[in-house]
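What follows is one structure encoded as structure tokens, with my remarks underneath.
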Amino acid sequence: MAEEEGPPVELRQRKKPKSSENKESAKEEKISDIPIPERAPKHVLFQRFAKIFIGCLAAVTSGMMYALYLSAYHERKFWFSNRQELEREITFQGDSAIYYSYYKDMLKAPSFERGVYELTHNNKTVSLKTINAVQQMSLYPELIASILYQATGSNEIIEPVYFYIGIVFGLQGIYVTALFVTSWLMSGTWLAGMLTVAWFVINRVDTTRIEYSIPLRENWALPYFACQIAALTGYLKSNLNTYGEVYEVYKIYIFSLFLGYLLQFENPALLVSPLLSLVAALMLAKCLQMFVPHKENGHMLKFLEVKFGLNMTKNFTMNWLLCQESLQAPSQDFFLRLTQSSLLPFYILVLIICFLSMLQVIFRRINGKSLKETVTLEDGRIGERPEIIYHVIHTILLGSLAMVIEGLKYIWIPYVCMLAAFGVCSPELWMTLFKWLRLRTVHPILLALILSMAVPTIIGLSLWKEFFPRLMTELMELQEFYDPDTVELMTWIKRQAPVAAVFAGSPQLMGAIKLCTGWMVTSLPLYNDDDLLKRNENIYQIYSKRSAEDIYKILTSYKANYLIVEDAICNEVGPMRGCRVKDLLDIANGHMVCEEGDKLTYSKYGRFCHEVKINYSPYVNYFTRVYWNRSYFVYKINTVISFQS
């Protein structure tokens with residue numbers, strides 16, 4: 001029996017509110033509007049991979065070649081492999097000797113913990129003074145180097161000095177690689193990286209001091225700074241449309257600064273550093289200066305006042321610092337060198353175009369015009385890119401500082417190399433220029449692409465032709481570091497002086513004595529400690545017009561047993577009168593007229609360093625000459641004074 005079919009049932013969906021329907025439909029429309037990215041063809045992917053692979057290979061190769069070049073140049077300059085250990089150590093001059101000496105101390109320590117403790121509670125370097133050497137001299141690189149040397153078993157393969165300088169040269173290779181990558185990221189072509197490296201090496205007199213002083217703190221710090229800049233450039237480039245990301249960068253800077261403050265034993269100098277102004281925290285630094293007193297910044301403020309002619313001083317230390325070449329304004333030779341290598345003209349061109357484009361962007365925003373979400377090559381608006389804005393502002397700030405203090409050029413000029421190379425290799429920069437010129441005779445995009453390849457190629461070929469033979473000649477020439485007088489002095493100290501002896505002399509020589517002999521000294525070539533600054537000034541009085549009794553009292557107050565007089569300082573004939581050590585001492589002691597209206601104080605004593613050599617009373621009563629050569633005179637400071645006619 002068939003069942004009877006009922007009427008067809010109509011299924012109806014329950015209606016949603018109208019507003020809900022509108023939202024859903026709007027959402028669907030919005031999703032449908034987003035273009036679905038198409039997969040790139042295989043040949044395009046292969047081209048991208050090949051470009052990245054070749055660029056990375058070129059960057060790494062450039063860094064390795066530069067590190068090998070430094071190693072070869074160092075060997076040819078000092079004939080390092082054929083030297084005895086003492087002769088090698090003498091090549092470390094001034095404060096560099098101090099840094100390397102503590103690396104040696106760490107290797108001699110029975111354990112890493114014990115070595116760190118002895119450095120943080122060091123009473124075997126400066127007489128009558130216990131210092132935290134890790135904090136005061138930023139010895140973290142030496143701590144890390146000593147760990148690596150022992151942990152990797154390198155002590156069975158390589159000598160400590162080669163391991164140490166090898167790390168520094170390796171970091172310089174990383175430095176060059178980071179500059180290469182930064183320029184590559186900004187321009188989009190690894191050709192810019194190659195040009196950056198070429199300019200850096202050719203202008204190395206103004207880009208680095210690695211050839212003259214290997215252990216300097218900047219040779220450890222700048223490679224990490226360059227890596228930070230490269231990472232920041234990539235970060236800003238990938239977040240082109242989110243201007244809030246730049247604010248995140250400032251927070252990262254401040255966090256890094258605070259972390260450094262904690263790691264460096266709560267060093268207050270970091271919190272009140274003027275460099276905070278570079279991360280938009282000037283007001284914070286000003287507030288902190290009211291609550292965190294630090295004498296080092298007082299010295300800096302006084303130095304700047306005298307530097308800019310706002311004040312005058314007779315202070316020996318202040319005037320000595322002002323006379324240092326690295327703290328003076330750049331000379332004409334500096335600009336001439338940068339012009340001869342074509343770096344300065346192209347840097348100025350790139351900087352002007354980028355800066356004017358930045359101003360154009362600012363005025364557009366002031367006038368209420370919105371910026372495009374995606375900037376194309378045809379737009380010719382290079383000043384809208386966040387990474388360009390960041391680098392232009394920083395290079396202007398660093399350049400302004402370098403125009404006042406030449407020593408800061410070692411931070412600025414690598415930046416100049418990177419920015420100039422990026423600009424000449426960037427089609428976008430040339431397109432920005434052509435937009436302003438309203439170029440119509442030739443298609444501007446095509447011309448921009450051609451120039452971005454042709455200009456760096458021409459520059460590279462001209463640099464190769466002019467400077468490559470010079471670099472090869474430097475590597476072929478066998479130089480020789482010859483300082484037999486210092487070798488003889490160090491040998492005499494190690495053989496003849498008592499182990500508990502304390503030596504007094506110029507801070508630079510004391511650094512070498514600490515490294516080569518391990519004996520205690522009265523002063524060090526460090527300028528971030530009030531007590532050491534005062535010690536240096538007092539010990540330098542051996543080159544002033546003071547009595548034998550005055551000098552004797554000064555030296556015995558620091559428990560000195562031996563005095564070393566350097567003929568090069570005593571008979572110094574400097575290019576700038578008034579900047580010799582003896583001139584500065586005469587000014588500080590009132591024995592020389594510094595400015596009009598000064599009262600000249602006549603000294604009835606001759607210059608001590610001259611008089612003590614004559615061996616007559618009362619000098620022989622206080623000091624007994626025990627060793628001398630062409631450069632150095634060593635006197636034993638008498639404990640029992642006998643006055644004889």
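Predicted, not measured: the structure shown is a model, and the values here were computed from it.
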Answer yes or no: is there a donor N or O on one side and an acceptor on the other, between the side chain of Ser357 and the main chain of Ile353, under 3.5 Å?
no

Residue Phe46 excluded, over 12 heavy atoms near CZ under 6.0 Å
no

Do Ile396 and Ser400 have side chains that approach each other closer than 4.5 Å (heavy atoms only, starting at C-beta)?
yes

Is it the case that over 12 heavy atoms from other parts of the model lie below 6.0 angstrom from the CZ atom of Phe112?
yes

So do the side chains of Leu401 and Leu397 get within less than 4.5 Å of each other, counting heavy atoms only?
no

Ignoring hydrogens and angles, tell me if any N or O in the side chain of Ser62 forms a donor-acceptor pair with the backbone of Ala58 under 3.5 Å.
yes

So, are Glu428 and Arg381 salt-bridged, with charged N and O less than 4.0 Å apart?
no

With rounding to the nearest 0.5 angstrom, report the OG1 to CG distance, Thr457 to Leu195.
9.5 Å

CE of Met194: more than 12 outside heavy atoms within 6.0 angstrom?
no

Side chain to side chain donor-acceptor pair (under 3.5 Å) assessment of Gln172 paired with Tyr69
CA-CA 11 Å; Gln172 301 311 300; Tyr69 167 79; over 6 Å; no

With a 4.5 Å limit on heavy-atom distance, are the side chains of Leu463 and Ile202 in contact?
yes

Do Glu159 and Arg88 sit within salt-bridge range, that is, some charged N less than 4.0 Å from a carboxylate O?
yes

What is the minimum heavy-atom distance between Leu343 and Ala420, and which atoms define it?
CD1-CB, 3.9 Å

Any donor and acceptor pair, going by atom type alone, linking the side chain of Thr233 with main-chain N or O of Ile229 inside 3.5 Å?
yes

dist Ser426:OG -> Leu451:CG (nearest 0.5 Å) comes out at 11.5 Å

Compute the centroid of each ring, for Phe80 and then for Tyr162, and state whether the two points are separated by less than 6.0 Å.
yes

Interatomic distance, CD1@Ile382 vs CG@Leu429, rounded to 0.5 Å, equals 4.5 Å

Would you please classify the geometry between the Phe346 ring and the Trp199 ring as parallel, tilted or perpendicular, with 30° and 60° separating the classes?
tilted

Ignoring hydrogens, what is the shortest heavy-atom contact between Ile388 and Met186? Give both atom names and the distance.
CD1-CE, 3.6 Å

Looking at Lys77 and Glu211, is there a salt bridge between them, counting it only when a charged N and a carboxylate O are closer than 4.0 Å?
no

Minimal heavy-atom distance between Ala133 and Tyr102, with the atoms involved, is CB-CZ, 4.0 Å

Rounded at 0.5 Å granularity, tell me how far NE2 in His394 sits from CD1 in Ile389.
12.5 Å

Strictly below 4.0 Å, N to O, side chains only: are Glu406 and Lys409 in salt-bridge contact?
yes

So, using ring-ring contact (aromatic ring centres under 6.0 Å, His included) as the criterion, who are the partners of Tyr164 when residues are at least two apart?
Tyr100, Tyr103, Trp220

Can Tyr390 and Arg385 be counted as having a side-chain donor-acceptor contact under 3.5 angstrom?
no

For Met403, I'd like to know if atom CE has over 12 heavy atoms of other residues, nucleotides or ligands within 6.0 Å.
yes

Start with the C-alpha gap between Tyr149 and Ile158, add the side-chain angles, then the distance that decides, and say whether side chain to side chain contact (heavy atoms under 4.5 Å, CB included) holds.
CA-CA 9 Å; Tyr149 183 71; Ile158 189 173; 4.0 Å; yes

If we only count heavy atoms from C-beta on, is the Ile445 to Phe434 side-chain gap below 4.5 Å?
no

Taking Trp184 for its side chain and Ala59 for its backbone only, find out whether a donor-acceptor pair lies under 3.5 Å.
no

Does Lys237 reach the main-chain N or O of Leu185 with its side chain, forming a donor-acceptor pair under 3.5 Å?
yes

Is the distance between the ring centroids of His391 and Phe422 under 6.0 Å?
no

Run the side chain to side chain contact (heavy atoms under 4.5 Å, CB included) test on Ser452 and Val424 for me, step by step, so that the C-alpha distance in whole Å, both residues' side-chain angles and the decisive distance to 0.1 Å come before the verdict.
CA-CA 6 Å; Ser452 65; Val424 297; over 6 Å; no

Heavy atoms from other residues, nucleotides or ligands near CD of Gln324 exceed 12 (cutoff 6.0 Å):
yes

Assess the side chains of Thr208 and Tyr175: does a donor N or O sit below 3.5 Å from an acceptor N or O?
no

Which atom pair, heavy atoms only, marks the closest approach of Pro414 to Phe200?
CG-CE1, 3.9 Å

Interatomic spacing from CG in Leu148 to CG in Leu143 - rounded to 0.5 Å:
11.0 Å

Take Asn203 and Leu338 through the side chain to side chain contact (heavy atoms under 4.5 Å, CB included) test and state the conclusion after the steps.
CA-CA 7 Å; Asn203 294 281; Leu338 297 183; 3.6 Å; yes

How long is the straight-line distance from CG of Asp206 back to CZ of Phe334, given to the nearest 0.5 Å?
5.5 Å

Residues that Glu75 engages under salt bridge (charged side-chain N to carboxylate O under 4.0 Å, His left out), provided they are two or more places apart
none

Does CE in Met472 sit with more than 12 non-hydrogen atoms of other residues, nucleotides or ligands closer than 6.0 Å?
yes

Pick out which of Lys104, Lys514, Arg83 makes a salt bridge (Lys or Arg N to Asp or Glu O under 4.0 Å) with Glu89.
Lys104

Say whether, by atom type as modelled, one donor and one acceptor occur between the side chain of Glu87 and the main chain of Gln84 under 3.5 angstrom.
yes

Ile405 versus Ser326, closest heavy-atom pair with distance:
CG2-O, 3.3 Å

Any non-hydrogen side-chain atom of Trp430 less than 4.5 Å from a side-chain atom of Leu449?
no

Would you say Asn219's side chain and Ser213's backbone share a donor-acceptor pair under 3.5 angstrom?
yes

From CA spacing to verdict: side chain to side chain contact (heavy atoms under 4.5 Å, CB included), Thr207, Tyr410:
CA-CA 5 Å; Thr207 57; Tyr410 299 108; 5.7 Å; no

CH2 of Trp436: more than 12 outside heavy atoms within 6.0 angstrom?
yes

If you measure only the distance, is there a donor-acceptor pair under 3.5 Å linking the side chains of Ser187 and Thr189?
no

Does NZ or CZ of Arg204 come closer than 6.0 Å to the centre of the six-membered ring of Tyr73, within 45° of the ring's axis?
yes

Do Ser183 and Thr196 have side-chain atoms, one donor and one acceptor, less than 3.5 Å apart?
yes

Arg217 to Tyr99, cation-pi by 6.0 Å centre distance and 45° axis angle:
yes

Specify the closest pair of heavy atoms between Pro215 and Phe92, including all atoms of both residues, with the distance to one decimal.
CG-CD2, 3.5 Å

